[in-house]
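Beneath this line is the structure, given in structure tokens, with notes to follow.
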Amino acid sequence: MTSIYIHYPYCLSKCHYCDFISFPCLNKEMENLTDFYLKELDYFNTITKNDEITSIYFGGGTPSLMPLSMLESILNHINKLWHIKKDIEITIEANPKTITKDKLKAYKTYNINRLSIGIQSLNNDSLKFLGRIHDKEDALQTLSLAQNYFDNINADFIYAIPNQTLSMWENELRDIVKLNLPHLSLYELIIEENTKLYKDVIAGKVNIINENIATDMYILTNEYLKNTTPQYEVSNYAKTSYQSQHNINYWEGGDYIGIGVASASRITKNKKFYLNENESTISKWKEKINDNNWHFEELTQNERAEELIIMGLRQVKGISITQFENIIRDSFFNFIDMKKLQNMIDNDFIILNDNNIKTTDKGMLVLDSILREIIK
Ligand code: SF4
């Protein structure tokens, strides 16, 4: 299983909480990056040409700002270079106010079959606080326009926003459930360094939310969604058969090719694991491609095993031990502190049976601590 991720680095403006590699382009020209994307795909094809591509994901930034000709060229090129799985999942992220009927129609003709919309909140005060360029009405209009063309739609939301109370989030959850979407990504707001929000917190202009309230919001979220759109990963919820194949490939340790500024790749060759992380400025990324200056780092078996444990336990279904051992080619338990694992099992944080290890609901609440404890 190999996925391709393409990073489009432009947004209309910078949201206050955002630490993704994205550059505001309102009233500025976005560079034509097509040739660079195609050359980078050519390079990755030389080392993965026999792989079958099982999913493609356009993320960002705001990929719904990507000119259609660029999108079409990239997809045509991928189709030309690799063998493509018959029912491949192709996702594009989109933001309210950047989607039109014509774009949606074009996406369909390019066989894009999944749309992920960054709504983030249905509360106008929260949207303003987050620095989003849209309001609730814009988001709902975009969603209803998209539903004319796409059935497989995800919407992203954020909770634990400063000044948000549990009952405010509950009201929003009621509205989210009414949208009846097949997939939801609901993230706790993390205050990242190098964001406007972080500076405001440091300057004492904004108070972060109490961690207990954030936990209550997470528990309430699971309660609200369990009958319609159950949780399948820490922050992801889906109706049956709408789980994101692209993300599952990451969490289960499949290979992935990352194209574009700041994208990361993991490639397995001759039983060895390789990592590539692209430069985080457009000029440096372009320079590397122009100079044909590719460099991969080898990941040790321990490093890759640790990644797989960290990502695998984020899933509600946990880790298939056989699948893990097929990838890593060593016993799962060689990477685990057995005494600490037993302690986690005895205290009802982890369930271990023949071929599966997963967290309990209680364990999922303290996943980071569990991982710190059990990984050798
Ligand atoms: S739209 Fe997304 S990527 Fe762009 S600035 Fe906002 S949060 Fe960041």
Side-chain angles (χ1 to χ4, degrees), residues 5-31 33 37 57-67 70-71 91-100 103 107 114-143 145-146 153-162 164 172 176 183-201 206 208 235-236 244 246-247 250 258-264 277-282 285:
Y5 172 83
I6 296 113
H7 191 80
Y8 191 66
Y10 294 112
C11 289
L12 287 179
S13 69
K14 190 81 180 167
C15 302
H16 298 166
Y17 59 94
C18 176
D19 79 330
F20 300 128
I21 301 296
S22 68
F23 308 101
C25 68
L26 200 60
N27 306 324
K28 280 192 223 151
E29 205 168 316
M30 290 175 275
E31 281 185 76
L33 304 173
Y37 285 128
Y57 193 104
F58 289 88
T62 303
S64 46
L65 290 175
M66 185 186 265
M70 194 186 295
L71 190 57
T91 305
I92 186 162
E93 288 179 353
N95 272 326
K97 279 194 151 172
T98 64
I99 280 291
T100 61
K103 283 188 190 176
Y107 295 167
R114 186 169 182 272
L115 205 63
S116 178
I117 307 177
I119 293 181
Q120 314 309 359
S121 176
L122 292 173
N123 176 305
N124 280 336
D125 291 337
S126 296
L127 287 168
K128 210 164 161 200
F129 177 86
L130 294 169
R132 302 291 295 178
I133 54 160
H134 60 89
D135 62 17
K136 175 181 174 181
E137 205 43 47
D138 297 323
L140 294 178
Q141 273 172 15
T142 298
L143 190 56
L145 180 66
I153 295 178
N154 166 61
D156 286 347
F157 289 94
I158 295 175
Y159 63 90
I161 299 169
Q164 191 179 39
E172 226 174 296
I176 292 170
H183 194 287
L184 295 164
S185 299
L186 305 168
Y187 300 102
E188 179 181 333
L189 179 67
I190 307 291
I191 317 267
E192 304 281 3
E193 278 184 50
N194 301 320
T195 61
K196 176 182 183 303
L197 189 51
Y198 181 83
K199 286 186 197 123
D200 287 348
V201 170
V206 168
I208 53 173
S235 310
N236 284 283
S244 160
H246 187 81
N247 288 342
Y250 286 134
I259 301 292
V261 182
S263 295
E277 267 165 19
N278 273 347
E279 294 60 22
S280 51
T281 65
I282 295 180
W285 168 67

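We count ligands from 1, going down the list as the structure has it; atoms in each ligand are counted the same way. Everything quoted here is computed from the prediction, not taken from an experiment. Values below: every heavy atom of this structure, side chains too, minus hydrogens, waters and symmetry copies.
- Around atom CZ of Phe20, no more than 12 heavy atoms belonging to other residues, nucleotides or ligands sit under 6.0 Å away.
- Taking 2.8 Å as the limit, the number of protein N, O or S atoms around atom 6 (Fe) of ligand 1 is 1.
- To the nearest 0.5 Å, the span separating OH on Tyr159 from OH on Tyr187 amounts to 11.0 Å.
- In this view, Asn247 and Ser244, Tyr250, Trp251 satisfy the side-chain contact (heavy atoms from CB on, under 4.5 Å) rule, not counting sequence neighbours.
- The only member of Val201, Asp200, Asp19 that meets side-chain contact (heavy atoms from CB on, under 4.5 Å) when paired with Ile191 is Val201.
- Under the salt bridge (charged side-chain N to carboxylate O under 4.0 Å, His left out) criterion, Glu192 pairs with no residue, sequence neighbours left out.
- For atom 3 (S) of ligand 1, the closest non-hydrogen atom of the protein is Gly61 N, 3.4 Å.
- Residues that satisfy the ring pair (Phe, Tyr, Trp, His ring centres under 6.0 Å) test with Tyr10, not counting sequence neighbours, are Tyr8.
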